[in-house]
Structures are given as structure tokens and as C-alpha cells.
Amino acid sequence: MKKPLIDITDWSGGMTLKERAGGKNQFHIGNQIDFSSQPGKLTVGSSWYNMGLASGDIDFQVPFFQYTSDNELYIGGDNAKIYKKTDTGTFTLQHTDTNGSGVKGMTEYKGYLIWASNGKLGRFDLSSTWNDNWQSLNNSTTDFHYLKVWVDNILYIADGRYLDTWDGTTFTSQALDLDVGWEIRCLETFGNLYLAIGASFSNTYSKIFLWNGTDSSWNDEILIPEPNIKAMKFKNGYLWVWAGNSANLYVVPVGSRTATKIWQFTKENPKNNLTVYPGAVVERGGTIFFALSGVDSNSYKINPAGIYSFRADPSRFTVNLVFQDTGYTETYKGMGVGVSGSGGIVIYCSEYNSTSSYYRIKREKVESNEAPYSSEGYMETFWYDAPSNTEMITEVFGIECDALPSSTYIKLYYKKQGDSSWTQIGSTFQTAGETKFLTKKIIHNIISLKLKVSIKGSTSSNSYLRPFVTRLFVTGGLVNRKY
């Protein structure tokens, strides 16, 4: 057998969203792929389940999810209605806000579910009493009134250019005010000393104002070199910030006042506005999940709309695409974390497809009667280019894996320069117990070669079986280029 032209044995570096740029343990792009459960190996990730309403179809988006202390999951719709999850697949209407606007913020505080609407705060005692007009706000036109319970056990409310507070006894309007022109979009913890206030000035420049909650003015600032701030999340001593019209990701360590760009998206249409909504970021087990929206048809092949994840550690930063639909017609306004029946801690998201005009509330498939890895995931390698003045001739395409579980499969595809579609190599690999799949395929005149592997787990209920790929390779040789 000739020497390997391509030989990949590690995917732990994650994807780069660059066709030719990345490390030895990285790849171009994937969808519903898992490279961290068994580091270095590649397998299929979680499948997703479409939830519904107890009556009627879902016709709204969910900007905010809230899991409460009585083990219930509430969702606040942009249709001014609040629903509760009543079983593993259904939400039931609980209340309609009489102010008529969508839910613009939601949290639990001291035994109450609290939400924001147009110029009002409402609250629910988690039993029977709903009050749509519990408190009045200063701003009735802002898109979001982000609600955050900080380490001092006080509720902070984003209210246009103001920050209001509620300590369980006293509601303080305009506890902090920014200059005219500023608008607060999101709030987050920044260690134990400061509340981080993400704000933009007339969509031209942005800052994170740091406030200790007691002084008459903010205490410090972090400049974000973007026209706006989209969302924030604090985890493991770092503040993660999505900002700008490309939804670039910045990180700020506790104690620092410098934001460092750690990841950036690409948009082919300069007029396009990629976004991460304030409620579309969650954390589970040290991994941050966020939903990218606003991708158009010009950019979706570069960085699709969908749900992404990364480890909340700059020194071990890797990015994964957890779920993608079409990649450019979807908007994901909100995400949530909660407990789903027997499934443990589960990720939820709200999706709207503008082309097909459908709304969905999705969750990971984790229930006892479900197959959590039953959807097909895929990974695409970088383009591998022949050295100057040479071309490749392939001989054998191969996959090595842990013993293949029954009722699962792996498929291998290739694409060479000039190809518009993928060509499958051999037949689908699905023989249980096998650990190596080799297909002889001689292809001449290859200047650039790219591989794609698709992986599917068992579709049987309660089955957690899925393949783990350990090696992907192509053997062959180089010859002088003929043209």
C-alpha cells in the first residue's frame, strides 16, 4: 500500500470554519458531531426533538426560557403569552400578558417568576396569582429588558439607558443611569465585585460598564471595539461577549479591562447583520452553547445559522456546530437549560424558519423512549492540496473505528477540485463488529481533495450506541502535474 496522502487521527481541536486553515487536530466544518466525549475520536452528537403545544401549532418565538425552583420550565413568547412544559413534549398556555407585547426578559427571584413587557414588569407567585402591571419601567420601546439576579441577591432590570433594581422589598427606578443615547441590551456577572452592563451608543460604539451595585455611578469600563453588544455569559472566571454585526466573540478575564477577540464569523454580504440574541446563550457543564441568527444565503456555507458550542476556557477553546437546519433562513431568539423527565439537564432552543414559515421549540433527545444519536451527523475535512507542480493519484480510502455497534453506520465521501457535489466512496459501512473499512478507488488528476464522513447512531428506543471513528485516511502517490 502506498503512503497516506491524507491521514487524520484526531479531531479534538474542533472546527475552524475555514476551508484550508487549521491545526492538525482540527477540521473545516461539521454538524451534530461530537469530538469531546472520547477526546481524539469522532462520533455523532445529540439528536433533537420538536416539541409542541397542548392545543394548536406553535406560531411564536421564545426569547426567554426559565427553569424555576419548583422544577418547572416556563417560556415567554414574543406573542405576549407564557407557557409551561407539562410533559416531555408539550407546552401548555398559562397566561396572556394584558399589555400585549412580547416577553422581553424573564427570570425567577425570591419565589416569583418575573417577566418584562412593554414598559411593565409582571410577576407570578408560581401558584395562582398573575400580575401584569406589578412595576412600571421607564422605557416601553426597547427590544429587551434583560433581568439578572446578581451575587448580592438583588434583581437588576435593564431599562433602556437605565438600570432598575428590586431587593424583595423596594423597587428602585433608575438606580443607575447612562448618558442619553446609550441602551442596555444585556447584564451578566463579572466575578464577585462587579455587575457587567452591556450597552451600545446609537449602534455606533459599545462598552461594558462595571458597577458594584452601590455607588452612585459605574466604577469602570471595558471598551468593546464593535458598534454593538449582542449577548454576554460569565463562566470559569471569564466574561464571554458577542458583539458587532458579525457577532464576533470576545473574552475578558476577571480583573482585566481588555477584551480579546477569540472567534469571528464571516459574512459575504457586508449589509448583513449576524446576531446572537441576549437570551440565546446558555451553559452546561463548563460548555457554553449559543445560537447564531441572521445568516443569509451568501454566507451560510461559510458559517451557518445554528447552535454552536465551545468550552469556557480560552486555553482549550474549541468550537462545534451542535445543530444546523438549512443554515440561513432560521432565527433562534432564545435558549434554555432545564430538566426533561428522565433525561437530566437538557438544552432547549426556539427556532423560526422564515422560508417555510414554521416555528419550533426543540430539545435534545434524551427521554427514556428516545434514541439520542439517531440523526446523521457529518464532518468535512480541510481541502488538501498537492504540492506545486504535482497532482495526486488515490489508491485506497479507509476508515478505522472502535468496533462498529449494530444498527449504526458510517459513510465516506470525497470531493476534488471542480466538483460541485460529493461522491460516496464504496457502500455504507454498517457491518457490526468491524473496525476497519477499506475501499480501493483510483482517481487521477487530483490537485485538491476534500473528505466528508457521515455518522449515524442507533435508531432503537433507549439505545445509546454510536460509532467512534479513530482514523480517516487516503493512500496513493504524487506524480508530475500534466497541466
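Residues take their numbers from the sequence shown, with the count starting at 1. Worth saying up front: this structure is predicted, and the values here are computed from it rather than measured.
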**Student:** We want to know whether E108 and S69 form a side-chain donor-acceptor pair, criterion being a heavy-atom distance below 3.5 angstrom.
**Tutor:**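 A pair is found: one side chain offers a donor N or O, the other an acceptor, under 3.5 Å apart.
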**Student:** K271 and N298: side-chain donor and acceptor closer than 3.5 Å?
**Tutor:**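 No pair is found: no donor N or O on one side chain lies under 3.5 Å from an acceptor on the other.
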**Student:** For a 4.5 angstrom cut-off between non-hydrogen side-chain atoms, does V346 reach V337?
**Tutor:**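 No; the side chains remain at least 4.5 Å from each other.
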**Student:** Just so I know, are the side chains of T266 and K18 near enough to count as touching, which here means a heavy-atom distance under 4.5 Å?
**Tutor:**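 Touching, per the 4.5 Å side-chain cut-off.
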**Student:** Would you call the rings of Y205 and W182 parallel, tilted or perpendicular, taking 30° and 60° as the class edges?
**Tutor:**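 Ring orientation, 0 to 90° scale: perpendicular.
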**Student:** Aromatic ring centroids of F91 and Y83 under 6.0 Å?
**Tutor:** no
**Student:** Do S246 and N248 have side-chain N/O donor and acceptor atoms under 3.5 Å apart?
**Tutor:**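 Per modelled atom types, S246 and N248 side chains form no pair under 3.5 Å.
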**Student:** So D164 and F171, side-chain contact (heavy atoms from CB on, under 4.5 Å) or not? Walk me through it.
**Tutor:** CA-CA 7 Å; D164 308 327; F171 182 83; 3.8 Å; yes
**Student:** Between E226 and S206, does any side-chain donor sit less than 3.5 Å from a side-chain acceptor?
**Tutor:** no
**Student:** Could you tell me whether the side chain of D220 and the main chain of L210 form a donor-acceptor pair under 3.5 Å?
**Tutor:**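 No, because the side chain of D220 does not come within donor-acceptor range (under 3.5 Å) of the backbone of L210.
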**Student:** Using a distance-only test with no angle check, is there a side-chain donor-acceptor pair under 3.5 angstrom linking N118 and N99?
**Tutor:**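 The criterion, which ignores hydrogens and geometry beyond distance, is not satisfied for N99 and N118.
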**Student:** Heavy-atom distance under 4.5 Å between the side chains of F65 and V282, does that happen here?
**Tutor:**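 No, their side chains stay 4.5 Å or more apart.
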**Student:** Within a strict 4.5 Å, meaning less than it, do heavy atoms of the Y74 and L126 side chains meet?
**Tutor:** yes
**Student:** For a side chain to side chain contact (heavy atoms under 4.5 Å, CB included) with L113, tell me which candidate from R123, M106, Q94 qualifies.
**Tutor:**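 Between L113 and the candidates, side chain to side chain contact (heavy atoms under 4.5 Å, CB included) is satisfied uniquely by M106.
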**Student:** Apply side-chain contact (heavy atoms from CB on, under 4.5 Å) to the pair V62 and K333, showing each step before the final yes or no.
**Tutor:** CA-CA 6 Å; V62 181; K333 274 195 174 179; over 6 Å; no
**Student:** Side-chain contact, heavy-atom cut-off 4.5 Å: L163 with L195?
**Tutor:** yes
**Student:** May I have the step-by-step check of side-chain contact (heavy atoms from CB on, under 4.5 Å) for K450 and D419, ending in yes or no?
**Tutor:** CA-CA 10 Å; K450 183 181 178 71; D419 291 347; over 6 Å; no
**Student:** Tell me if a side-chain donor or acceptor on T43 pairs with a main-chain N or O of P467 at a distance below 3.5 Å.
**Tutor:**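 Checked: pair present.
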**Student:** Has the side chain of Q38 got a donor or acceptor atom that lies under 3.5 Å from a matching backbone atom of F35?
**Tutor:**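 Pair absent, no side-chain N/O of Q38 close to backbone of F35.
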**Student:** If you look at every heavy atom in I229 and S200, which pair is closest and at what distance?
**Tutor:**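 For I229 versus S200, the nearest heavy atoms are N-OG, 3.1 Å.
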**Student:** Nearest 0.5 Å please: distance from the CG atom of L176 over to the OG atom of S217.
**Tutor:** 6.0 Å
**Student:** Could you go through R466 and D34, starting from their C-alpha distance and side-chain angles, then the distance that decides it, and tell me whether this counts as salt bridge (Lys or Arg N to Asp or Glu O under 4.0 Å)?
**Tutor:** CA-CA 11 Å; R466 53 178 173 164; D34 178 354; 3.1 Å; yes
**Student:** Does a donor on one side chain and an acceptor on the other come within less than 3.5 Å for S173 and N138?
**Tutor:** yes
**Student:** Side chains of N139 and T141: is there a donor and an acceptor less than 3.5 Å apart?
**Tutor:** yes
**Student:** Are the side chain of Q26 and the backbone N or O of T16 linked by a donor-acceptor pair below 3.5 Å?
**Tutor:** no
**Student:** Is any side-chain heavy atom of Q135 closer than 4.5 Å to one of L137?
**Tutor:** no
**Student:** Would you say the rings of W130 and W115 are close, in the sense that their centroids are separated by under 6.0 Å?
**Tutor:**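 Distance test on ring centres: under 6.0 Å, yes.
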**Student:** Relative to each other, are the rings of W48 and F323 parallel, tilted or perpendicular (30° and 60° limits)?
**Tutor:** tilted
**Student:** Test your reading of the model: is there a side-chain donor-acceptor pair from S293 to the backbone of Y332, 3.5 Å cut-off?
**Tutor:**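 At least one qualifying donor-acceptor pair exists.
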**Student:** Students often mix this up, so state it plainly: with edges at 30° and 60°, are the rings of F290 and Y308 parallel, tilted or perpendicular?
**Tutor:** parallel
**Student:** Just jot down the ring pair (Phe, Tyr, Trp, His ring centres under 6.0 Å) partners of Y250, sequence neighbours excluded, or say none.
**Tutor:**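 Expected list: none.
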**Student:** Taking D325 first and then R360, would you say they form a salt bridge - that is, a charged N and a carboxylate O separated by under 4.0 Å?
**Tutor:** yes
**Student:** When you measure from the side chain of Q32 to the backbone of S46, do you find a donor-acceptor pair of N or O atoms at a distance under 3.5 Å?
**Tutor:** yes
**Student:** Any idea how W242 and F310 line up, ring-wise: parallel (<30°), tilted (30 to 60°), or perpendicular (>60°)?
**Tutor:** tilted
**Student:** Do K456 and S375 have side-chain atoms, one donor and one acceptor, less than 3.5 Å apart?
**Tutor:** no
**Student:** Can you find a pair of side-chain heavy atoms, one from I33 and one from M15, that are under 4.5 Å apart?
**Tutor:** no
**Student:** Y146 vs F64, test: side-chain contact (heavy atoms from CB on, under 4.5 Å). Steps then yes/no.
**Tutor:** CA-CA 10 Å; Y146 200 90; F64 294 96; 4.1 Å; yes
**Student:** Can you find a side-chain donor-acceptor pair between D87 and T90 that sits under 3.5 Å?
**Tutor:**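 Distance-only check passes for D87 and T90.
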**Student:** Tell me whether D70 at atom CG has more than 12 heavy atoms from other residues, nucleotides or ligands lying less than 6.0 Å away.
**Tutor:** yes
**Student:** Okay, side chain of D167, backbone of T169: is any donor-acceptor separation there less than 3.5 Å?
**Tutor:** yes
**Student:** Ring centres of W150 and W211 under 6.0 Å apart?
**Tutor:**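 Not close enough - the centres of the two rings lie 6.0 Å or further apart.
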**Student:** Got Y378 and K411 here, is their nearest side-chain heavy-atom distance under 4.5 Å?
**Tutor:**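 Answer no - side chains too far apart.
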**Student:** Measure from the ring center of F209 to the ring center of W218 and say whether it is less than 6.0 Å.
**Tutor:**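 Ring-ring flag for F209/W218: true, centres closer than 6.0 Å.
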**Student:** Would you find a donor on one side and an acceptor on the other, under 3.5 Å apart, between the side chain of S202 and the backbone of T204?
**Tutor:**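 No; judged by distance alone, with no hydrogens or angles, the pair does not exist.
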